[in-house]
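Written below as C-alpha cells is the structure these notes are about.
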Amino acid sequence: MLRSCGDLSCPTPVYPLLLPSGVIQLGVRFVALPLSRKMGVREKYKRKPSVKPILEEFYSRKGKHPSEIEVRYLSAESKMQIRQVEHWFRCRRNQDRPSVTKKFCEASWRFTMYLISFLTGFVVLINKPWFWDQQEFWTDYPYQPLEISLYIYYMLQLGFYSSMLLTLAFDIKRKDLKEQIVHHFATIFLITFSYCANYIRAGTLVMLLHDAADYFLELAKMCNYSKWKRTCIALFIIFALVFSITRLFLLPTRVIYSTYYSSMLIFEPFFGYYFFNSLLMTLQILHFFWAYMILRMICRFIFTGTVDNDVRSDVEESEGSGEENSSKSEMETKTGNSNNNTVSRKTQDNGVGKINNGHSKTS
C-alpha cells in the first residue's frame, strides 16, 4: 500500500468506501423495517387536510407558517373561518413531517455504521503506541509508514462522512442543520488533510474519540421511537457521560494539546500546523454547542422526569392546540369588549350622577 515519494513513504490515493444506495435500501427493507415492528414502533394517525387549492398554492410557494395578516387574507379568499385555515396548515405541516418508522430506520443504519466504525478503530488502534501516549504522534514524523489497517480505517471514515454529507438534504431535518453541515465539512477536510500531510496518528485517534459516543445516541433514539422509556433514558445518560469524557476532556487535553503544543517542540509551525489545529478547534466549538443541547435535555429530565423529544427535532403539532389558542384569544377579546362596555357604562352612570348632583339637569 506504499509507494516511493522521495524520502517519504507516500500513501496510496484516497478511495473512500462509499456504500451504494441499493445496499442501504436493502438493509432498511429487510433489517430495519422488521426490527421496527418487533420493537413495537407504531405510527401516529395523521389527519389529511381537505383539498384547498388556494391554501395549497400558498403553502408550496410562500411558506408553511403564514402570518396573522396572511391568515385573514386566506380566510377571505377561501371563504373559510380563521380557525379552519389555521387547522388546515397544522394538518398540512404534520403531513410533511417524517414518520416514526422513517426516523427509526435512519437511526438504525447510523447506529450500525457508528458501531462498525468504533469497533474497527478500537481494534486497529488498541496496540498502537500513540493510543496510550500522544507524544508518539511525532515520533519519526514525517517519515511514518502507512499500515494497511490504518488505510482501510481512513477510507471507511471518509466514505461514511461523505455519504452523510451527500444525503443530508434527504435526511430528517433538525434544528442544528447548519451545525451538521459545518461539522461534516470540517470532518471531511480534517480526514483528507491529515491523510495527505501524514498526520495519520493524530487523525485516527480523533476519529475514534468521535465514534465512541455516537452509537449510544442512535440506539437511544431507536428506543425512544419504540417507547422504551427506561432504556432510552439509561442509554442517553451513558451517551452524555461518554460524550463528556471523550469530546470535552480527552480530545482537548490529549489530542489538541499534543497537536497544538507538543508538536512545536519538535518542528516549527507551518501551514499544515495552523490548518489542522483550526479544524480541530472548529470541531471543539461544535462539541460545546452540542454539550449545551445535551445539558438542556438533562435539565428537562431532572425537572419533568422524561426525555420525550430530541431538542433538535421539530415536535409534531396537535390538531387542537391552535383551536384552543384561537378560542382563548376570542374569549379574551370578548371579555375585553365586555369589560370595556362595563367601564363605559359605569363612566356614563357616574357622569349622569355628577350632573344630577350638580343640579345641571333641568326639571
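Numbers for residues simply follow the sequence, beginning at 1.
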Mind checking whether [X] and [Y] have side chains closer than 4.5 Å, heavy atoms only?
X      : Y      : result
Thr204 : Val124 : no
Phe118 : Asp214 : no
Gln157 : Tyr154 : no
Phe137 : Ser263 : no
Ile266 : Tyr141 : no
Val255 : Leu250 : no
Phe104 : Ser226 : yes
His87  : Arg83  : no

Closest approach of [X] to [Y] (non-hydrogen atoms, all atoms of both residues):
X      : Y      : value
Met222 : Phe111 : SD-CB, 4.1 Å
Ile294 : Phe236 : CG2-CZ, 4.0 Å
Ala212 : Val242 : O-CG1, 3.5 Å
Asp211 : Tyr153 : OD2-OH, 4.1 Å
Met155 : Tyr195 : CE-CE1, 4.0 Å
Ser194 : Gly203 : OG-CA, 4.4 Å

Single-linkage hydrophobic cluster [X]~[Y], side-chain heavy atoms < 4.5 angstrom:
X      : Y      : value
Leu209 : Ile285 : no
Val71  : Ile69  : no
Ile181 : Tyr161 : yes
Phe249 : Leu205 : yes
Ile148 : Val123 : no

Determine whether a donor-acceptor pair (N or O, by modelled atom type, separation under 3.5 Å) exists between the side chain of [X] and the backbone of [Y].
X      : Y      : value
Asn224 : Lys229 : no
Trp88  : Glu56  : no
Trp130 : Leu125 : no
Gln284 : Arg247 : yes
Ser108 : Cys105 : yes
Glu268 : Met264 : no
Glu106 : Lys103 : no
Ser60  : Glu57  : yes
Lys79  : Ser75  : no

Trace of the side chain to side chain contact (heavy atoms under 4.5 Å, CB included) decision for Thr246 with Leu251:
CA-CA 6 Å; Thr246 55; Leu251 183 63; over 6 Å; no

State whether a side-chain donor-acceptor pair under 3.5 Å links [X] with [Y].
X      : Y      : result
His287 : His210 : yes
Ser258 : Trp138 : yes
Thr112 : Tyr215 : no

Parallel, tilted or perpendicular, as decided by the 30° and 60° cut-offs, for the rings of His183 and Trp290:
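Ring orientation of Trp290 relative to His183: perpendicular.
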
[atom1]/[X]: more than 12 non-hydrogen atoms of other groups inside 6.0 Å:
X      : atom1 : value
Tyr73  : OH    : no
Ile126 : CD1   : yes
Tyr260 : OH    : no
Phe275 : CZ    : yes
Tyr292 : OH    : no
Phe189 : CZ    : no

Distance in Å, [X] [atom1] paired with [Y] [atom2], rounded so as to fall on 0.5 Å steps:
X      : Y      : atom1 : atom2 : answer
Trp132 : Asn127 : CH2   : CG    : 9.0 Å
Leu190 : Leu279 : CG    : CG    : 5.5 Å
Leu286 : Gln180 : CG    : CD    : 10.5 Å
Tyr225 : Ser99  : OH    : OG    : 10.5 Å
Ile237 : Leu241 : CD1   : CG    : 7.5 Å
Leu280 : Ile256 : CG    : CD1   : 5.0 Å

Hey, mind stepping through Lys64 and Phe89 against side chain to side chain contact (heavy atoms under 4.5 Å, CB included) and telling me if it holds?
CA-CA 7 Å; Lys64 303 178 181 180; Phe89 273 95; 5.7 Å; no

For the aromatic rings, using the six-membered ring if either is Trp, is the centroid distance between [X] and [Y] under 6.0 Å?
X      : Y      : answer
Phe243 : Phe239 : yes
Tyr114 : Phe160 : yes
Phe267 : Tyr273 : no

If you measure from the Lys or Arg side-chain nitrogens to the Asp or Glu carboxylate oxygens, is any gap between Asp133 and Lys128 under 4.0 Å?
no

